[in-house]
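Just below is one structure, and these are the notes that go with it.
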Amino acid sequence: GNSVTQMEGPVTLSEEAFLTINCTYTATGYPSLFWYVQYPGEGLQLLLKATKADDKGSNKGFEATYRKETTSFHLEKGSVQVSDSAVYFCALPSYNTDKLIFGTGTRLQVFP
Amino acid sequence: DAGVIQSPRHEVTEMGQEVTLRCKPISGHNSLFWYRQTMMRGLELLIYFNNNVPIDDSGMPEDRFSAKMPNASFSTLKIQPSEPRDSAVYFCASSLSGSADTQYFGPGTRLTVL
């Protein structure tokens with residue numbers, strides 16, 4: 001079945017540093033891929049998504065490119081802010097269902 | 001637009017008591033999901049509904065847990081009797097079905113069972 005693996009955290013960065021959070025997937029076909037973010041004390045919210053191979057999703061300065069050659073969907077941001085401190089989840093649909101399969105989450109801590 | 005609404009936001013109860021968590025999905029969404037999140041186990045899908053019908057309840061931990069969706073705008077997750085190991089944050093999410101579309105999460109209910 002479909003699955004996703006993302007890098008362990010926590011990731012600790014100084015403000016304005018470059019961020020990469022790795023995510024790789026295994027899937028039947030080419031499903032949509034998602035990054036969700038969870039700020040402290042809140043529910044998950046969609047950060048960005050890509051619906052087909054080679055698509056780039058972007059939002060709030062974050063980007064991720066759907067790469068079928070490497071089965072990856074890595075999250076990047078050129079200059080992180082303290083307000084980006086959160087847990088980030090990579091996700092994709094379970095095959096032929098409405099369920100989303102979430103990665104284990106990567107905690108990002110940004111210090112001034 | 002109102003997002004997914006959950007109540008209560010916080011619940012503290014004693015072991016053995018019945019707990020009912022409530023969710024109102026986004027209007028027009030026809031898939032609804034209940035998740036549990038803990039530090040130890042991360043985010044777990046408990047059950048999901050499509051058009052008010054339970055489709056997959058394989059994540060429900062045991063018979064003490066039950067979920068209903070009597071209509072398109074309301075769902076409950078009940079734990080009876082509750083145990084300390086049920087302490088967690090419970091999230092409800094909704095989406096448009098048919099394409100594993102974006103799920104919209106509620107703010108969660110933080111349950112503490114003493």
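Letters go in sequence order (proteins before strands), and every chain restarts at 1. What you see is a predicted model; the values in this text were computed from it and never measured. Every heavy atom of this structure was used, including side-chain atoms; hydrogens, water molecules and symmetry mates were not.
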According to a hydrophobic-cluster definition based on side-chain heavy atoms being under 4.5 Å apart (Ile, Leu, Val, Met, Phe, Trp, Tyr only), do [X] and [Y] belong together?
X	Y	result
Y30(A)	L100(A)	no
I5(B)	V89(B)	no
V37(A)	F73(A)	yes
F74(B)	L77(B)	no

Residue part contacting chain A, namely of Y48(B), when any heavy atom lies under 4.5 Å: side chain

At a 4.5 Å cut-off on heavy atoms, which part of R9(B) comes close to chain A: side chain, backbone, both, or neither? side chain

Region of Q45(A) that comes under 4.5 Å of a non-hydrogen atom in chain B: neither

If I compare all heavy atoms of F89(A) with all of Q37(B), which pair ends up nearest, and what's the gap? CZ-NE2, 3.8 Å

How far does [atom1] of [X] sit from [atom2] of [Y], to the nearest 0.5 angstrom?
X	Y	atom1	atom2	result
L46(A)	F105(B)	CG	CZ	10.0 Å
L43(B)	L44(A)	CG	CG	6.0 Å
K99(A)	L45(B)	NZ	CG	6.0 Å
F102(A)	Y35(B)	CZ	OH	4.5 Å

[atom1] ([X]) with more than 12 external heavy atoms under 6.0 Å:
X	atom1	result
Y39(A)	OH	yes
E83(B)	CD	yes
E14(B)	CD	no

Quick one, F33(B) and D98(A) - any side-chain contact, counting heavy atoms below 4.5 Å? yes

